[in-house]
Amino acid sequence: MINKMFRKTPLAWRQLMKEKTRLVVAVAGITFADMLIFIQMGFESALFDAAVQPHRNLQADLVLINPQFQTLISVKSFSRERLYQALSYNGVKSISSIYIGTGQWRNPETKLDRAILVWGVDPTAPGLKLPELQANKDYLKQLNQVLFDEAGRPEYGEIGSIFRATGKFNAELSGKNVSVKGLFKNGASFAADGNVMVSDSTFLQLFPTHKADQVEIGLITLQPGANIEQVKAQLKKGLNPDPQNTFVEVGTPEEFAQKERIYWVTGTGIGFIFGLGVIVGFIVGIVIVYQVLYADVSDHLPEYATLKAMGYTDNYLLGVLLQEALLLAALGYLPAFFLSFGLYQLTFAATLLPIYMKVDRAINVFILTVIMCTISGAIAMQKLRSADPADIF
């Protein structure tokens with residue numbers, strides 16, 4: 001059908017090319033609208049990906065957390081006793097725990113403190129799928145030895161480059177002198193600018209008010225072949241004997257990650273802001289394309305009237321306008337795609353947020369562009385539909 005439409009005289013293309021200045025302005029407008037949509041979607045996706053990256057790095061089949069947990073920046077603890085109780089259930093192989101707290105990292109050069117997320121792990125079973133952590137876990141057995149997240153914000157200092165050059169780096173964390181013994185990559189997020197790994201013993205020294213029997217995350221590894229959903233149901237019932245009170249929440253690492261995601265979507269205005277940006281970009285695109293197509297109809301109204309007098313239907317003329325709209329959509333989308341791809345790279349270099357061009361996002365924006373231009377064409381057609389050839393001549 002499309003081939004049949006374009007097999008004859010390419011009326012839509014020739015009309016667009018006749019007014020090259022107008023065409024350039026239209027393409028630039030669509031490009032701007034698409035870039036706005038790309039940037040809003042990119043930042044929103046980067047926010048969520050960065051926020052849930054630590055959750056997906058947990059090395060466990062099931063996770064225990066406080067039922068009031070919402071986000072890592074205000075994580076709540078629960079009794080380690082619940083974790084020990086999980087060992088008595090069929091299918092549970094081993095357990096481990098993680099402390100989480102917010103410390104203050106002092107940049108050795110600027111002497112400025114900056115908040116950093118501190119992870120206290122058991123050196124014999126770190127519980128995180130980070131190769132660097134597994135390779136350097138023996139260093140953590142000593143007090144005040146840490147692993148630093150080199151993918152964090154640069155305001156913490158040139159830790160990565162100095163450590164690679166000298167093999168050591170001394171810093172101050174929450175008022176205590178610590179020594180960097182290794183690097184890992186987790187990345188900054190809207191919740192935390194950086195991360196540092198320490199042993200559970202070092203963590204309790206850094207946070208003396210934190211009770212040793214209170215943990216933030218409990219990790220459960222199941223026996224090979226164990227049914228995750230079945231064990232999860234048993235733990236939910238067994239660890240919360242009082243129906244009126246939930247002591248711990250049991251879930252998979254992905255379910256844990258989704259709780260964090262839900263917090264940022266519904267618990268803050270960030271998700272709404274990015275969604276509003278997409279809507280604004282969509283409306284801007286509709287207005288720009290409509291103005292171009294409306295001007296085209298107005299300038300060629302006598303020609304369109306002649307075609308109607310010759311017997312061409314409104315549907316045919318609508319098809320011409322829709323062809324123009326689709327051509328504008330394609331011409332505006334391509335530069336927007338490549339420019340946004342470059343902006344993603346610049347944003348990643350500047351902020352270290354995991355912002356990348358994704359296939360589904362590229363497809364969704366193209367579909368939005370086509371819909372945007374199609375709506376504009378349909379609206380512009382109203383002027384032509386109401387025109388009477390006899391009135392024009």
Side-chain angles (χ1 to χ4, degrees), residues 52-69 72 75-101 117-142 145-147 182 184-186 195-204 210-243 245-261:
V52 302
Q53 184 62 38
H55 310 65
R56 291 172 176 167
N57 281 332
L58 295 175
Q59 194 169 25
D61 297 306
L62 292 173
V63 177
L64 298 186
I65 56 175
N66 187 299
Q68 295 183 355
F69 171 87
L72 289 176
V75 64
K76 299 181 181 296
S77 58
F78 65 93
S79 175
R80 190 193 296 270
E81 179 184 354
R82 303 295 172 185
L83 190 57
Y84 288 144
Q85 290 175 359
L87 274 174
S88 63
Y89 287 81
N90 292 331
V92 176
K93 178 181 179 181
S94 63
I95 60 171
S96 60
S97 60
I98 295 178
Y99 296 121
I100 299 178
L117 203 61
V118 183
W119 298 71
V121 301
D122 181 352
T124 61
L128 290 163
K129 294 181 289 187
L130 296 172
E132 303 91 341
L133 178 57
Q134 299 294 334
N136 295 286
K137 61 183 180 181
D138 288 340
Y139 289 116
L140 296 183
K141 294 179 181 179
Q142 305 176 44
Q145 311 295 304
V146 307
L147 303 181
F184 69 96
K185 289 185 179 181
N186 185 79
N195 302 268
V196 63
M197 296 287 175
V198 302
S199 69
D200 44 9
S201 299
T202 301
F203 182 93
L204 294 174
H210 193 290
K211 296 181 180 179
D213 62 345
Q214 296 290 312
V215 298
E216 278 64 50
I217 302 176
L219 305 177
I220 300 176
T221 302
L222 302 183
Q223 298 282 358
N227 187 300
I228 293 180
E229 292 300 321
Q230 191 175 62
V231 175
K232 182 174 74 171
Q234 292 176 353
L235 290 174
K236 280 185 176 181
K237 183 177 180 181
L239 299 180
N240 301 294
D242 183 358
N245 295 302
T246 302
F247 297 104
V248 289
E249 185 171 333
V250 186
T252 63
E254 184 58 32
E255 289 171 341
F256 182 31
Q258 290 308 311
K259 287 183 69 69
E260 182 88 28
R261 180 186 180 92

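This structure is a prediction, so every number in the text was calculated from the model and none was measured. Values reported hereafter were calculated over all heavy atoms of this structure, with side chains retained and with hydrogens, waters and symmetry mates removed.
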*Contacts of type side chain to side chain contact (heavy atoms under 4.5 Å, CB included), residue Lys211, not counting sequence neighbours*: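 So Lys211 forms a side chain to side chain contact (heavy atoms under 4.5 Å, CB included) with Asp213, Gln214.
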
Flag, side chain of [X] to backbone of [Y], donor-acceptor distance under 3.5 Å:
X      : Y      : answer
Gln134 : Leu128 : yes
Asp200 : Gly120 : no
Gln85  : Leu239 : no
Tyr99  : Ala212 : yes

Measuring from [X]:[atom1] to [Y]:[atom2], what's the distance to the nearest 0.5 Å?
X      : Y      : atom1 : atom2 : answer
His55  : Ile217 : NE2   : CD1   : 7.0 Å
Asn195 : Lys185 : CG    : NZ    : 14.0 Å
Leu117 : Asn186 : CG    : CG    : 9.0 Å
Arg82  : Ile65  : CZ    : CD1   : 15.0 Å
Ser94  : Asp61  : OG    : CG    : 8.5 Å
Ile100 : Leu72  : CD1   : CG    : 5.0 Å

*Can you find a pair of side-chain heavy atoms, one from Phe78 and one from Val215, that are under 4.5 Å apart?*
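The answer is yes; the side chains approach within 4.5 Å.
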
*Less than 4.5 Å apart, any side-chain heavy atom of Val231 and any of Ile220?*
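No. Closest side-chain heavy atoms not under 4.5 Å.
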
*Walk me through it: do Thr202 and Leu140 pass the test side-chain contact (heavy atoms from CB on, under 4.5 Å)?*
CA-CA 8 Å; Thr202 301; Leu140 296 183; over 6 Å; no

*With a cut-off of 6.0 Å (strictly less than), are more than 12 heavy atoms of other residues, nucleotides or ligands near CZ of Phe247?*
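Yes.
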
*Look at atom NZ of Lys93 and say whether more than 12 heavy atoms of other residues, nucleotides or ligands are closer to it than 6.0 Å.*
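Atom NZ in Lys93 is not packed in, count stays at 12 or less.
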
*asked:* For a quick check under 3.5 Å, do Gln230 and Gln234 share a side-chain donor-acceptor pair by atom type?
replied: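 No pair is found: no donor N or O on one side chain lies under 3.5 Å from an acceptor on the other.
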
Closest contact, heavy atoms only, [X] versus [Y]:
X      : Y      : value
Pro253 : Ala60  : CG-O, 3.4 Å
Gly91  : Ala226 : O-CB, 3.9 Å
Phe203 : Val118 : CE1-O, 3.7 Å
Ser97  : Leu83  : CB-CD2, 3.8 Å

*asked:* Test side-chain contact (heavy atoms from CB on, under 4.5 Å) on Leu130 and Leu147; report intermediate values, then the result.
replied: CA-CA 11 Å; Leu130 296 172; Leu147 303 181; over 6 Å; no

*Given Glu249, which of Lys232, Lys259, Lys236 fulfils the salt bridge (charged side-chain N to carboxylate O under 4.0 Å, His left out) condition?*
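Single salt bridge (charged side-chain N to carboxylate O under 4.0 Å, His left out) partner of Glu249 among Lys232, Lys259, Lys236: Lys259.
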
*asked:* Using side-chain contact (heavy atoms from CB on, under 4.5 Å), reason through Phe69 and Glu216 one step at a time and then give a plain yes or no.
replied: CA-CA 9 Å; Phe69 171 87; Glu216 278 64 50; over 6 Å; no

*Verify side-chain contact (heavy atoms from CB on, under 4.5 Å) between Ile95 and Leu64, making sure each step is shown before the conclusion.*
CA-CA 10 Å; Ile95 60 171; Leu64 298 186; over 6 Å; no

